Structure formats: structure tokens, C-alpha cells
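Here the structure is a predicted model, which is why all the values come from computation and not from measurement. Just so you know, residue 1 is the first one in the sequence shown, and it goes up from there. Just so you know, these numbers use all the heavy atoms, side chains as well, and skip hydrogens, waters and symmetry mates.
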Amino acid sequence: MAPLVLRTVAETAAWAESLRRSGRRLALVPTMGFLHEGHVSLMREGRRRADAVAASIFVNPTQFGPKEDLSRYPRDMEGDLEKCASAGVEAVFAPVPAEVYPPGYQTYVDVEQVSQGLCGARRPGHFRGVATVVTKLLCLFKPQLALFGEKDYQQLQVIRALERDLNLGVEIIGMPTIREPDGLAMSSRNAYLSPEDRQRALALSRGLAAAQALCRSGTRETAALVGAVRRELEAAGLREDYVELVDATSLTPLPAVTPGQPARLLVAAFVGSTRLIDNQPIGG
């Protein structure tokens, strides 16, 4: 069955209130559309954990910088709604920007610590936009749980922090990155890649795998693990944005992998003009 498409805040609030009154447990999957199997996996997991699933499809302008790809960000509403239907989504909030940010809008959410460094340093204002729109969605739908992919790992930590700090009462669930059979992390921005660049992009996942293998063989120092990723990027002719080993919760840089301290290795690189990110847990 096709999902109900909600265009306004008022009708979305009414739909969510009706669901609450019926006693049904709601899972929310916020997205920017151009859905792929990674998004669909979140919706299916939401169906498994809750009585109903809602999604948002909204290319959020406040998380794009002035030189970023807002206008050319891929869109496919018809295909997105078909994917939502296949995953059992009951309602989709698909507003125009003025519905989310009406004239006179002036309130934003800043998560100060985990938004620093990594993508936060390279994309000023990005996580303020993410935190603001996600806070609005959680307040609007008032779901019991919301699901996000670990591929955008810093984003996930920002969302966990805002939910905790603002006492929103929503369980934030991070789900493992969904990959193509050859290892490339699924991303809406993969649509920008030429066939040649698509092959070169595999250097991100190859580099992470090389670092993980090095760690398992006993090498724990950050410089060596980061170097394994960089060698793959350089061999493929990619331009590094960052490669960092960080604490998995605070995202503070680590000098080495330490037993008992969860760590994450994150990478961002440009494949031609397309910026891709990836990450994985390391050590343990």
C-alpha cells in the first residue's frame, strides 16, 4: 500500500497524534530522499521494532554550505515512495522548505562537542542544520524510536547527543552501513560517480579493510593505521579530506587503539568532485 504523503506540519502532527492515541509504537526514519537499500534497511528494522513506520523526505537546505550541492542533490520522489511502500512505511513527510523554515524562522540547535572536527570542521554549519531539522522532526512526530545509518557516523553521534541533552525521550538506533557487493558504502551521492570514478571510490573501503587487517595483526598506532588508508587513497588518485582514528563515543582523536576502548576509523575523500565518507569500528 502506498504511504500517506504529508505535506504540512499541521497534518503531520495530527497524523502522529492519532497514532499515539491508538497506542501504536512509532519508528521514524529521517531521510533526504533518493533512497537506496541502506535507507530501506532502516525502514524494515523500524517495522520489526515498532507498530508503524514513518519517514521524512526532505533535502534540508540548512545543512548545505554555499558551495555545496543543494541544487543538484539527486531527487526521485516517485521512486522513493515506491521504496517506502515496499518497506511498509505508513506515512511520509515531504514538505517544501518554507514549511520547515517559514518566514521569520530564527531557532537553531548547536551540538557543541561531537560536531567539532571531521566533517564538522570541513563543512561549517553542516551539523547545526542537521541537528535543527532532526530536532524538529523528533518533536513533530514524537516517535518512540528513530533509526539512522552508521555510515554518517559523526551525524549519528550528534543526534544521540541532542536527544540526550534535550530530554526528547526517543530511542536513537544506529544501524550498520549497508554496502554494495564490492564493498562501496551505499550513498545517494554515488549517483554522481562515473563508471571509472565508481571503481576508484572503492579505495575508501579497501583502505579501511587494510587498516583493520593491520590492527588485527597487532599494529595499534594511529599513524600506521591511518597510513594504510592513505596509501589506498593515493594509489587510486583520490584527494583526502581527512583520515582519523577517534574515540567511538566522544570522537576525540586517539594516539592508538587501546584494548577496551571502542574506536572508530573515519575517512572522507574526493572522487573527482564528489565527496564520499566511510568508517568502521577498529580494534576492540
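Considering only heavy atoms from C-beta on, K142 comes within 4.5 Å of R20 through its side chain. L28 is not listed as a side-chain neighbour of L145, based on a closest heavy-atom distance of 4.5 Å or more. The closest side-chain heavy-atom distance from S41 to M175 is not below 4.5 Å. Between S250 and Q113 the shortest side-chain heavy-atom distance does not fall below 4.5 Å. Residues L204 and L184 have side chains not in contact (no heavy-atom distance under 4.5 Å, counting atoms from C-beta outward). A 4.5 Å side-chain heavy-atom check between R189 and D69 finds at least one atom pair inside the cut-off.
Considering CG of D152 and CZ of F127, their distance stands at 8.0 Å, rounded to 0.5 Å. The line from SG of C139 to CG of L166 is 7.5 Å long, rounded to the nearest 0.5 Å. Summarising the geometry, atom CG belonging to L208 is positioned 8.5 Å from atom CG belonging to L266; distances are rounded to the nearest 0.5 Å. One distance of note links CD of Q144 with CZ of R25; it measures 6.0 Å at 0.5 Å rounding. With rounding to the nearest 0.5 angstrom, the CD1 atom of I57 is 5.0 Å from the OG1 atom of T31. One finds the OG atom of S115 at 12.0 Å from the CD atom of Q157 (value rounded to the nearest 0.5 Å).
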Exercise. What's the verdict on salt bridge (charged side-chain N to carboxylate O under 4.0 Å, His left out) for R48 and E45, showing C-alpha distance, side-chain angles and the deciding distance?
Worked result: CA-CA 5 Å; R48 192 182 73 81; E45 182 66 13; 2.7 Å; yes
Exercise. Can Q154 and V114 be said to form a side-chain contact (heavy atoms from CB on, under 4.5 Å), step by step?
Worked result: CA-CA 7 Å; Q154 187 175 19; V114 292; 5.7 Å; no
Problem set entry | I173 and R49: CA distance, side-chain angles, deciding distance, side-chain contact (heavy atoms from CB on, under 4.5 Å) verdict | CA-CA 11 Å; I173 297 169; R49 294 178 181 240; 3.2 Å; yes
For this session: Please lay out, stage by stage, how L35 and M43 fare under the test side-chain contact (heavy atoms from CB on, under 4.5 Å).
Result: CA-CA 11 Å; L35 304 181; M43 296 167 185; 3.7 Å; yes
Exercise. Should E196 and R200 be marked as a salt bridge (charged side-chain N to carboxylate O under 4.0 Å, His left out) after you check the CA-CA gap, both sets of side-chain angles, and the distance that decides it?
Worked result: CA-CA 6 Å; E196 179 184 355; R200 295 170 63 221; 5.1 Å; no
For this session: For F93 and L137, run side-chain contact (heavy atoms from CB on, under 4.5 Å): C-alpha distance rounded to whole Å, both residues' side-chain angles, the deciding distance at 0.1 Å, then the answer.
Result: CA-CA 9 Å; F93 180 44; L137 290 169; 3.7 Å; yes
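At a threshold of 4.0 Å, the pair R122-E240 does not count as salt-bridged, since none of the basic side-chain nitrogens sits closer than that to a carboxylate oxygen. In summary, E17 and R21 engage in a salt bridge, as defined by a charged side-chain N under 4.0 Å from a carboxylate O. Ion pairing between R7 and E99 fails under the 4.0 Å rule for side-chain N and carboxylate O. Looking at R179 and E37, no side-chain N of the basic residue comes within less than 4.0 Å of a carboxylate O on the acidic one, giving no salt bridge. A salt bridge does not link E234 to R231: none of the charged side-chain nitrogens sits closer than 4.0 Å to a carboxylate oxygen. A salt bridge links R198 to D182: one of the charged nitrogens lies within less than 4.0 Å of a carboxylate oxygen.
Using modelled atom types and a 3.5 Å distance limit, the side chains of N279 and E150 yield no donor-acceptor pair.
Closest approach of V111 and A131 over heavy atoms only: CG2-CB, 4.1 Å. Of all non-hydrogen atoms in A203 and A236, the two that sit nearest each other are CB-CB, 3.6 Å. For P97 against P61, the heavy-atom pair with the smallest separation is CB-CG, 4.3 Å.
When hydrophobic side chains of Ile, Leu, Val, Met, Phe, Trp and Tyr are connected at separations under 4.5 Å, Y192 ends up clustered with M32, V59, F64, L70, Y73.
Stacking of R264 on the aromatic ring of Y153 is recorded, both the 6.0 Å distance cut-off and the 45° axial limit being met.
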Please list, one pair per line, the donor and acceptor atoms closer than 3.5 Å that link side chains of residues 83-90 to other protein atoms, with sequence neighbours excluded.
residue	atom	partner	partner atom	Å
S86	OG	K83	O	2.7
E90	OE1	R24	NH1	3.2
E90	OE2	R24	NH2	2.5

Mind listing the side-chain donor-acceptor pairs of residues 269-277 below 3.5 Å, one per line with the distance, residues two or more places apart or on another chain?
residue	atom	partner	partner atom	Å
R275	NE	D241	OD2	2.7
R275	NH2	D241	OD2	3.0

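Taking the six-membered ring where tryptophan is involved, the planes of Y105 and Y108 are perpendicular, since the angle between them exceeds 60° and thus also 30°.
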